Amino acid sequence: MIETTTYRARLDEEKATLENELQSVGRRNPTNPNDWEAVPQEVGQEADPNDRADLITHFEDNTAILKDLEIRYNDVLAALARIDAGTYGVCEVSGEDIEEERLNADPAARTCKAHLST
Ligand SMILES: [Zn+2]
C-alpha cells in the first residue's frame with residue numbers, strides 16, 4: 001500500500017493552480033461542469049477591424065492553452081479519484097505498482113515507466 005498523503009497534497013495544490021489558470025483563459029461550460037470553454041476578451045465599442053483581428057488570434061491562443069490545461073486538469077482529477085478509490089499508484093496498463101521516482105516526478109502519472117508511451 002502506497003503512502004498517498006504527500007501526493008494528495010501536491011495534486012490538490014496543482015488542481016487549485018490549474019483552476020486559476022483555466023479561469024484566466026476560459027470558463028466552465030454552464031451545461032457541463034467538467035468541461036471548459038475558451039472565452040474571447042470583451043470587444044469594446046471602439047474596437048477597429050485591426051483590434052478585432054487581434055482578439056480573434058487571442059481567442060485561438062486561449063483555445064489551445066485551455067485544451068492543454070484541461071487535459072492536465074483531468075489527469076490531476078483522475079489521480080485524486082484513484083487516491084479516494086484506493087487504486088493510486090497502479091499502472092493502468094500492467095496493473096503493477098508505479099515507481100515512486102515516477103510518482104515524485106509526476107503525481108498524476110497513470111502508468112509505470114515501461115508503459116510511458118501509452
Ligand atoms: Zn505498466
Side-chain angles (χ1 to χ4, degrees):
M1 196 58 189
I2 187 166
E3 176 54 59
T4 55
T5 313
T6 312
Y7 298 121
R8 184 194 285 275
R10 282 180 58 192
L11 287 162
D12 276 338
E13 194 178 318
E14 185 171 359
K15 183 182 164 211
T17 305
L18 285 165
E19 279 172 358
N20 280 334
E21 290 174 7
L22 281 162
Q23 271 156 12
S24 72
V25 291
R27 65 176 172 218
R28 276 181 203 274
N29 183 335
T31 59
N32 178 3
N34 292 323
D35 191 32
W36 292 75
E37 50 193 20
V39 287
Q41 291 188 326
E42 296 291 324
V43 182
Q45 298 263 328
E46 72 286 358
D48 67 26
N50 289 332
D51 285 344
R52 281 199 289 275
D54 284 349
L55 282 169
I56 289 165
T57 306
H58 190 77
F59 180 64
E60 284 169 356
D61 287 348
N62 277 357
T63 304
I65 294 165
L66 188 80
K67 198 167 163 242
D68 286 345
L69 286 173
E70 202 176 358
I71 290 167
R72 180 65 191 166
Y73 183 66
N74 286 332
D75 279 349
V76 168
L77 290 188
L80 285 166
R82 288 197 295 274
I83 290 177
D84 288 337
T87 57
Y88 182 74
V90 176
C91 173
E92 285 185 354
V93 178
S94 62
E96 288 172 28
D97 289 345
I98 299 174
E99 297 83 357
E100 256 186 81
E101 182 191 347
R102 175 143 161 72
L103 289 174
N104 278 324
D106 178 8
R110 293 168 179 269
T111 58
C112 69
K113 284 184 191 170
H115 300 109
L116 254 180
S117 58
T118 55

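All ligand and atom numbering here is 1-based and tracks the order in the structure. Along the sequence shown, the residues carry numbers beginning at 1. The structure presented is a predicted model; accordingly, all values stated were derived computationally and were not measured.
- Ring geometry for Y7 versus Y88: interplanar angle of 30 to 60°, hence tilted.
- Shown here are the protein N/O/S atoms lying under 2.8 Å from the Zn ion (ligand 1), water excluded: C91 SG, S94 OG, C112 SG, H115 ND1.
- Between E19 and R28 there is a salt bridge, since a side-chain N of the basic residue sits under 4.0 Å from a carboxylate O of the acidic one.
- Ion pairing between D84 and R8 holds under the 4.0 Å rule for side-chain N and carboxylate O.
- Between the side chain of E14 and the backbone N or O of V76, no donor-acceptor pair lies under 3.5 Å.
- Among all heavy-atom pairs drawn from R82 and A108, the shortest one is NH2-O, 3.7 Å.
- A single hydrophobic cluster is not seen to contain both I83 and V90; linkage of ILVMFWY side chains at heavy-atom distances under 4.5 Å, directly or through other members, places them apart.
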